[in-house]
Amino acid sequence: MYLFFPLAPSTFGEDDDAAYMTELAKALTPTPPGWSPDVHFCKWRAIKCDGSNRVTGISLFSLPLTGTIPAGLNSLSQLTTLGLAYSSLSGPLPSLENLSMLTYAIFENSSFTSIPNGCFKGLTSLLVLTLSNNINLAPWTFPADLAQSTGLVTLKLDTTNMIGSLPNIFDSLGRLDYLSLSNNSISGDLPKSFADSGISHLFLDNQKDGLSGTIDVLSSMTELSQVWLQNNQFTGPIPDLSNCTNLFDLQLQDNKLTGVIPYSLMHHSSLQNISLDNNYFQGPRPLFDTAVKVTLNGINTFCIETPGPCDPRVTTLLEIAAAFGYPIRLANSWLGNNPCKNWNFIICQEEKIVTVNLGKLNLTGTISPAFANLTDLINLDLSVNNLIGPIPVRLTSLQQLETLNLSYNSLSGPLPRFAARVKLDIAGNVLLLGRNGTEGNVTPNQNYSKTAKGSSVLRWIAGALAASVGLVILIVIIFKRKRCISLVQSRILKKPCSSHDINVENFIKNHSFLAPKRYSFSEVKRITNSFQNKLGQGGFGVVYKGSLHDGRHVAVKVLSEVTGSGDEFINEVASISKTSHVNIVSLLGFCYERNNRALIYEFMANGSLDKFIYKKGSPNAICNLDWSILYEIAIGIARGLEYLHRGCSTRILHFDIKPQNILLDEDFCPKISDFGLAKLCKKKESIVSILGTRGTVGYIAPEVFSRAFGRVSHKSDVFSYGMLIIEMIGGRKNYASGGSHSSEMFFPDWIYKDIEQGNIPKNCLVNSREENDMVMKMTLLSLWCIQTQPSDRPSMSKVVDMFEGPLQAVPSPPKPVLYYPKRETVPISDISSSNIHVTNSITIQQDVPSNQILSSTKT
């Protein structure tokens, strides 16, 4: 039975939204929870509206919905977030055309069947688009309209039946960080515009029709950290990837790549995992660092089975092949370590190479000077190919050379002076200098004078170019020194500028392409209406509610002067600027004017998670949040942490996960906030170095207190997450604020006793078997996360996997044994307990009252 949703008198825009929402409700089966005909659509669960009752968010994640999304969804012109993922929705994907405010569009793991023309046109604010695992889609091509989405950060279109080639539009997507197009039928070459993108995660593996061409463009993609190109038809050599300093994972297996493994790849500074199986690589077997996981099995034909140099003749011939781009025809036939043993196009006498016949092989590239190393060479034929560039002068040193056929290529430059005995054929090379005006055989003496004259001109041009380059270098040096001169002048003129200010300003300048909008302090005063509406206060300063010029509510954290060096300010801006995820708070802007510092965040209507845990008996007590909401909050936090650890361009370790730093929007979608203690590191780094201890007592992993428990890593955040979940289950802090030492032990004991008996924790009131399973899974996972040894804890990716899997797949964890240090009124540089003693300078914080957006931060 269809529901009728009455519409109250409203504005024209609200009427449009109301009409569409009524149609949407009728199209979905069953009707989503909370979509009551007696309630205004802006108060429906999973629907978000602005102050004018215009729909800004639809988040129907993981609901057992069927039906077809009705046409006209793009009439919701104020829509910013659209989530229709993990459902059985079918029919055409709703057109998003001209939804200029849309930032998140999440459709993955659904059953849509087609993509309307122009579906992604005009999405000028889009940050994230995911359509992965829509296996029922009709064949479609990559949407070139996304070139208009210049702020796009994440694009996941894998397993969507995409066909055709990729358009050359990626230079328009300078902020694109994550591109996943795996398991499709994409063909053609890698777009050259990849070189001007900011892609760090590139997944183009398993194309049914096979992407082809070279992978040379990777050398210019300096932000790369993870590349999957396996199971395609790529050819040519691996380019020099030494400028890709963050690259840790390279999957190239099952292609047609050729050539010698570059020395720079074997000694890459960040590479951690590489697969080269089933290609046509040649030359010496590479020797990687023992820390690198590498596979080299299958077709590869290295000259010898163990690492070590090849025969010098092999080395020379491979150098020659390199100038041709390592053609696969040579890779297929130049096998082993003896070129006089069944190598095609090579003729030997007494183990000496006397003839190389590479004519009519459609070779491209240039003629390598390495031919001169074949000192016994008598005959060389490179005719009827597509070779360019000059004839190497070193070829004139071949004392045994008798015939040299270079005819019908596209060679250019001067003709070297060969000995009179050499029968030289250069017919069909119209760009060669020093010719006598006729094609066919020419003698070097006939052309030498013209060659010398041409060389003189070239030397003059080279000299002029050298002078120009020198001038440019001089100018660059002058400008490089400008900053130093400015600093000297500021000292002389007594205009002091602290090193901290210089550090922050340099950071802002160097990361301007990532940093959000910068506001002046006068603009901050206007946004907050002269700081009228105070939301909360902590050791960091004060949080105020404000409004941007477009009407969006924001929370403005005004930092106090005691925040010091500016490191925490840089941490916050640097960390959040690298993120774009539904479970990470959005930093909309900042202010930095010497002592006036502020951070502007999206406003979170339900404040921080702690007030729904600790304030039992209040209207917002935990008893008023059903377990399904708490369960989704736990999963959302896990997904946000997984993204910080694996999904964004730089691994981010938060180091301060606790309820006060989990913010909830009006739909109780959790968002991780407060990155002042965060540490950024390269993707391959799972172990980090920190000075002392950082975090909040009650959530700090044991290895952060004392390295005797292990090395500090992303597993330290996993521990904090586990303690947070335990608090959600228990409804109280995991340590007491005073009393005996025993009362300050964290409290898995009482939970673990219930788990051992197969029961959920006693104080968790549930109403159904489904809720019982939710609580049991949360409990088991939290106990896994707080294991004493970091290696015993799961990664956040594993946590998410176990949340999404059945309860039966989660094993019972061992009982953790750990005591937290006693909280006494002692200097924070001397916190100790019976088994932990910390003497380094540390960053420890106590809980302070929560507020609407950000709670306690660092002292």
For this session: Give the intermediate values and the outcome of side-chain contact (heavy atoms from CB on, under 4.5 Å) for residues L387 and F324.
Result: CA-CA 8 Å; L387 303 176; F324 303 143; 3.7 Å; yes
Look up atom [atom1] in [X] and atom [atom2] in [Y], then write down how far apart they are to the nearest 0.5 Å.
{"X": "Q282", "Y": "N332", "atom1": "CD", "atom2": "CG", "value": "8.5 Å"}
{"X": "E402", "Y": "N379", "atom1": "CD", "atom2": "CG", "value": "6.5 Å"}
{"X": "M266", "Y": "I261", "atom1": "CE", "atom2": "CD1", "value": "7.5 Å"}
{"X": "D376", "Y": "E350", "atom1": "CG", "atom2": "CD", "value": "10.0 Å"}
{"X": "I320", "Y": "L318", "atom1": "CD1", "atom2": "CG", "value": "9.0 Å"}
{"X": "D425", "Y": "N405", "atom1": "CG", "atom2": "CG", "value": "4.5 Å"}

Can you name the closest pair of heavy atoms from [X] and [Y] and give their distance?
{"X": "S193", "Y": "F170", "answer": "OG-N, 3.0 Å"}
{"X": "Q253", "Y": "N279", "answer": "CA-ND2, 3.8 Å"}
{"X": "G308", "Y": "I304", "answer": "O-CD1, 3.9 Å"}
{"X": "F371", "Y": "L398", "answer": "O-CD2, 3.7 Å"}
{"X": "L157", "Y": "M162", "answer": "CD1-CE, 3.7 Å"}
{"X": "A372", "Y": "S397", "answer": "CB-OG, 3.9 Å"}

Validation row: [X], [Y] side chains within 4.5 angstrom (heavy atoms):
{"X": "F120", "Y": "I115", "answer": "yes"}
{"X": "L247", "Y": "V227", "answer": "yes"}
{"X": "T141", "Y": "I163", "answer": "yes"}
{"X": "L229", "Y": "F203", "answer": "no"}
{"X": "L241", "Y": "L265", "answer": "yes"}
{"X": "L179", "Y": "H201", "answer": "no"}
{"X": "L129", "Y": "F107", "answer": "yes"}
{"X": "V128", "Y": "L155", "answer": "no"}

I'd like to know if the side chain of [X] pairs up with that of [Y] as donor and acceptor (distance under 3.5 Å, no hydrogens or angles considered).
{"X": "S110", "Y": "N134", "result": "no"}
{"X": "W228", "Y": "D249", "result": "yes"}
{"X": "N386", "Y": "T364", "result": "no"}
{"X": "N337", "Y": "D311", "result": "no"}
{"X": "N246", "Y": "S270", "result": "no"}
{"X": "T295", "Y": "N297", "result": "no"}
{"X": "T355", "Y": "N357", "result": "no"}
{"X": "S797", "Y": "E642", "result": "yes"}
{"X": "E319", "Y": "S368", "result": "no"}
{"X": "E108", "Y": "T130", "result": "yes"}
{"X": "N362", "Y": "R329", "result": "no"}
{"X": "S132", "Y": "T159", "result": "no"}
{"X": "S180", "Y": "D158", "result": "yes"}

Exercise. T366 and I388: side-chain contact (heavy atoms from CB on, under 4.5 Å), yes or no, with the steps?
Worked result: CA-CA 5 Å; T366 61; I388 61 173; 4.2 Å; yes
For this session: Apply side chain to side chain donor-acceptor pair (under 3.5 Å) to D277 and S275, showing your working.
Result: CA-CA 6 Å; D277 302 345; S275 293; 5.4 Å; no
Exercise. Would one find more than 12 heavy atoms of other residues, nucleotides or ligands at under 6.0 Å from atom CG of N117?
Worked result: no
Exercise. Counting heavy atoms not belonging to D289, are there more than 12 under 6.0 Å from its CG?
Worked result: yes
Problem set entry | Derivation and outcome, side chain to side chain donor-acceptor pair (under 3.5 Å), residues N231 and N206 | CA-CA 5 Å; N231 291 305; N206 301 310; 2.6 Å; yes
Exercise. Are Y280 and Y326 close enough that their ring centers fall under 6.0 Å?
Worked result: no
Exercise. Given T113 and N136, is the side chain to side chain donor-acceptor pair (under 3.5 Å) satisfied, shown in steps?
Worked result: CA-CA 5 Å; T113 55; N136 297 325; over 6 Å; no
For this session: Take N273 and V292 through the test side-chain contact (heavy atoms from CB on, under 4.5 Å) and record every step on the way to the result.
Result: CA-CA 6 Å; N273 187 39; V292 180; over 6 Å; no
Exercise. What pairs with Q233 under side-chain contact (heavy atoms from CB on, under 4.5 Å), at least two apart in sequence or on another chain?
Worked result: S212, K256
Problem set entry | Whether H714 and H645 hold their rings parallel, tilted or perpendicular, with breakpoints at 30° and 60° | perpendicular
Exercise. Where does the angle between the aromatic ring planes of F302 and F281 fall among parallel (under 30°), tilted (30 to 60°) and perpendicular (over 60°)?
Worked result: parallel
Exercise. How far apart are the C-alpha atoms of S219 and D240, what are their side-chain angles, what is the distance that settles it, and do they pass the side chain to side chain donor-acceptor pair (under 3.5 Å) test?
Worked result: CA-CA 6 Å; S219 64; D240 183 359; over 6 Å; no
For this session: Please assess L202 against L224 for the test side-chain contact (heavy atoms from CB on, under 4.5 Å), listing each intermediate value before the final yes or no.
Result: CA-CA 8 Å; L202 178 64; L224 284 175; 4.3 Å; yes
